[in-house]
Engineer: 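Quick one: the structure is below, questions incoming.
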Amino acid sequence: MSASAGYELAITAILTLAGLGFLLSLVLLAGTKIFKVKTDPRVDRVLDLLPGSNCGACGFGGCNECARAIIEEAAAPDVCPLCRGEAVDRISKIAGREVKDTSPAVAVVLCRSRASAPRNFLYRGIPECRAAAAAAGGETACRWGCLRYYDCVRSCPFDAFEIDSEGNPVVDPRRCRSCEICVRACPRGIIKMTPADKPVEVLCSSRDPAKTTARACPTGCIACGRCVKVCPRSAIEVKDNLARIDPELCDGCGRCVEVCPRKIIYLQGAREAAAAGGGDGQK
Amino acid sequence: MSRVRLAPPFFVQIRSGSVKTRSFQGGIRIDDFKRFTERKPIETLPPPPKAYLPLKQNAGSPPRPVVEIGAEVSAGEVIAAPSGAVSSTLHASVFGKVSAIADHPHPSGADSPAIVIETAAAGNGFSGMEPMVDWEGAAPEDIRARVLEAGIVGMGGAGFPAQVKLEPPPGKKIETAVINAAECEPFLTVDHRLLLEETEKVVAGLKIIMRAAGAARGVVAVESNKADALDRLERALEKEENIFTVLLTVKYPQGAEKQLLKTVADREVPSGGLPADVGCLVHNVHTATAIADAVLHGRPLIERVVTVSGFGLDRPGNFRVRLGTPFSRLLEAAGGPPDGELRLIAGGPMTGVAQRDLGTPVIKSTSGLVVLPPLPRARNLPCLRCGKCLTVCPMGLVPCDLARAAEKGRREDFAGLSGADCMECGCCAYVCPAARDLVQFIQLGKALEE
């Protein structure tokens with residue numbers, strides 16, 4: 001075999017492959033033009049701003065779905081409960097929609113009893129609130145209060161609950177992401193969403209008359225009305241044997257906290273301190 | 001206080017001689033603990049000073065009160081009338097005055113509205129119904145009407161209105177009426193004592209049931225630990241051509257309706273079906289005596305026999321009490337509850353309900369009161385996947401997986417495992433080495449499905 005025959009072979013091979021490559025690249029180019037999938041680039045930009053934890057608290061199947069819903073289905077830019085502040089501003093800018101300035105909500109367990117609170121009997125079944133609530137109406141003498149089997153604590157995807165020294169589940173408002181999963185988990189329905197900036201809350205849910213409540217719980221609201229009298233803005237009302245504070249009217253002066261004989265009115269600041277391990281006899 | 005010895009061999013089967021007994025698949029062989037009370041004759045207790053009569057004493061809709069507070073009532077007078085197709089009648093169980101209609105602890109656990117009657121200090125007013133002398137010629141409808149009028153419900157524990165069961169569903173025929181005298185729950189000896197002491201009445205009740213349901217054949221099914229009762233029964237049945245006895249193995253839950261029919265008739269009641277689907281009808285012994293009382297003597301259901309048994313009682317026994325008698329009086333009659341923490345179960349220990357208040361009254365379906373030591377604290381450990389629960393499940397279910405589906409709230413899985421077929425007999429929870437509350441989990445699962 002001569003040397004020139006070798007060159008010819010090499011050149012043929014190179015040209016064939018180069019030609020083939022060029023032709024196939026044309027096919028691919030045509031393919032991308034014909035089968036182009038139209039995506040909104042904004043979806044990707046929103047997705048970058050979402051937390052990416054796929055917790056589902058927004059109600060959609062993960063962050064990807066949520067981003068698409070915000071851009072394509074006109075979901076509210078602040079639908080993700082984990083996004084706050086700047087992230088929401090940027091998402092609403094991308095989506096081109098204004099978001100109303102709403103203060104975030106946090107969960108509050110409306111019961112703050114003592115470990116020594118009376119019980120009707122000893123329950124030894126499945127250690128879950130939903131099971132305990134079904135057994136003869138629950139073992140706690142108070143038929144409204146926390147059963148203390150902590151379905152809420154286990155249900156929380158953000159680990160926002162603390163258990164205080166008396167065994168009460170307490171929400172740390174800084175960690176609460178308003179997903180409301182605990183609200184649904186509580187069989188007694190005593191977890192409520194309240195505005196995070198709402199200063200004061202009465203931590204009791206008993207609608208029984210004062211006599212019954214006083215017998216059933218050392219810290220139940222006995223509807224004495226002292227908080228009502230002391231409130232300078234008339235924000236407190238006793239209804240169904242239970243004091244309730246109107247968040248619209250309350251300015252957080254804290255006078256009711258001082259006069260409450262059962263010590264169950266808590267300031268938001270005190271709540272945060274309690275969750276952080278601060279004073280007020282809490283852990 | 002007397003000390004009670006716990007028999008050690010829990011899983012030993014008690015067979016009576018060489019007699020061949022019959023049984024079903026699954027279930028557990030446990031000590032029946034009948035020895036505490038099986039030889040104690042039925043003792044009648046005086047009426048309580050106050051009778052608490054919950055309206056809810058039957059499955060289905062509770063009856064509607066027809067008396068006012070302050071009304072004078074005699075024992076046997078109607079105080080609440082049926083309020084629907086599946087309902088019953090409720091009678092005053094004592095002679096006295098209606099003092100309240102208010103919430104009171106109910107054996108099922110939660111509070112429930114009850115009619116409270118203060119017993120009169122003197123006098124003995126009783127108002128019954130006319131005896132049906134010619135019941136053998138009476139129309140089945142008339143007998144069923146009488147059973148409803150007398151407020152009779154299933155007295156074995158379920159409390160299903162008896163007249164509803166006595167009526168064959170449209171398009172179905174009842175061939176065999178079975179008297180369930182298995183009494184498979186440990187401790188309880190009500191049916192045993194009734195078979196011994198009121199044999200004739202049980203037989204009469206069965207014949208009335210056969211007449212009312214149009215059944216040609218009658219069967220009395222007895223577990224082999226009641227051999228003396230069976231002897232007496234067979235003597236009473238010598239002249240009867242259509243009534244048979246069946247000897248059952250001592251095994252729990254031998255007296256569950258579906259298991260009983262599988263044993264007695266070798267027929268399987270379909271899932272979600274009724275005994276009538278296999279041409280049968282099952283009534284408890286005490287229900288039969290109540291029906292006999294109502295038809296032959298015109299006596300409405302105002303009293304029943306309750307076994308009070310368990311550990312630490314000085315005088316366990318079988319007591320005939322008026323409905324509405326608080327549990328505390330029964331415990332006093334049995335020598336008082338032992339000191340310290342204990343469990344008081346209304347019904348048998350396997351299917352009964354733990355009680356929280358000694359003021360809770362006896363209702364039509366309260367077959368027993370059992371005192372048990374408290375449960376150990378270490379419970380609900382992780383499932384070991386040992387499979388014991390599925391070998392004992394008489395319904396052929398997989399309790400561990402059902403419990404898991406219920407625990408995790410997986411409704412479709414629970415339905416796919418036929419959770420609704422569970423009759424909550426408690427065999428699975430009894431054998432579980434991880435002490436899991438399987439029945440309670442399955443109850444949660446059933447609540448999920450609703």
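Every heavy atom of this structure was used, including side-chain atoms; hydrogens, water molecules and symmetry mates were not. Chain letters run A, B, ... following the sequence lines, proteins first, then strands; residues in each count from 1.
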Engineer: Please flag which part of A:Glu139 lies under 4.5 Å from any non-hydrogen atom of chain B: side chain, backbone, both or neither.
Structural biologist: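 The answer is neither part of A:Glu139.
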Engineer: Taking every heavy-atom pair that is under 4.5 Å apart, which of A:Ile126, A:Asn120, A:Leu122 has the most such pairs with chain B?
Structural biologist: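 Most heavy-atom pairs within the cutoff with chain B belong to A:Ile126.
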Engineer: More than 12 foreign heavy atoms under 6.0 Å from CZ of A:Arg154: is that the case here?
Structural biologist: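 More than 12 heavy atoms, drawn from other residues, nucleotides or ligands, come within 6.0 Å of this atom.
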Engineer: Taking B:His106, B:Gln355, B:Arg343, B:Glu407 one by one, which has the highest count of heavy-atom pairs under 4.5 Å against chain A?
Structural biologist: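 Highest number of pairs under 4.5 Å: B:Glu407.
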Engineer: Which atoms of A:Ala134 are under 4.5 Å from chain B, going by heavy atoms: the side chain, the backbone, both sets, or neither?
Structural biologist: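 Neither the backbone nor the side chain of A:Ala134 comes within 4.5 Å of chain B.
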Engineer: Find out whether B:Asn380 and A:Pro127 are in side-chain contact, i.e. whether some heavy atom of one side chain is under 4.5 Å from a heavy atom of the other.
Structural biologist: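 Touching, per the 4.5 Å side-chain cut-off.
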Engineer: Given side chains that start at C-beta, do those of B:Arg356 and A:Tyr123 come closer than 4.5 Å, heavy atoms only?
Structural biologist: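 The answer is no; the side chains never approach within 4.5 Å.
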Engineer: Let me know if B:Ala406 has heavy atoms under 4.5 Å from chain A in its side chain, its backbone, both or neither.
Structural biologist: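 Answer is backbone: N, CA, C or O of B:Ala406 sit under 4.5 Å from chain A.
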Engineer: Tell me whether the count of non-hydrogen atoms from other residues, nucleotides or ligands lying under 6.0 Å of CZ in B:Arg329 goes above 12.
Structural biologist: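 Atom CZ in B:Arg329 is packed in, count exceeds 12.
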Engineer: For B:Glu341, which atoms come within 4.5 Å of any heavy atom of chain A: side chain, backbone, both, or neither?
Structural biologist: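 Answer is side chain: those atoms of B:Glu341 sit under 4.5 Å from chain A.
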Engineer: Check whether A:Arg124 reaches the backbone of B:Leu375 with its side chain - one donor and one acceptor, N or O, closer than 3.5 Å.
Structural biologist: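 Checked: pair present.
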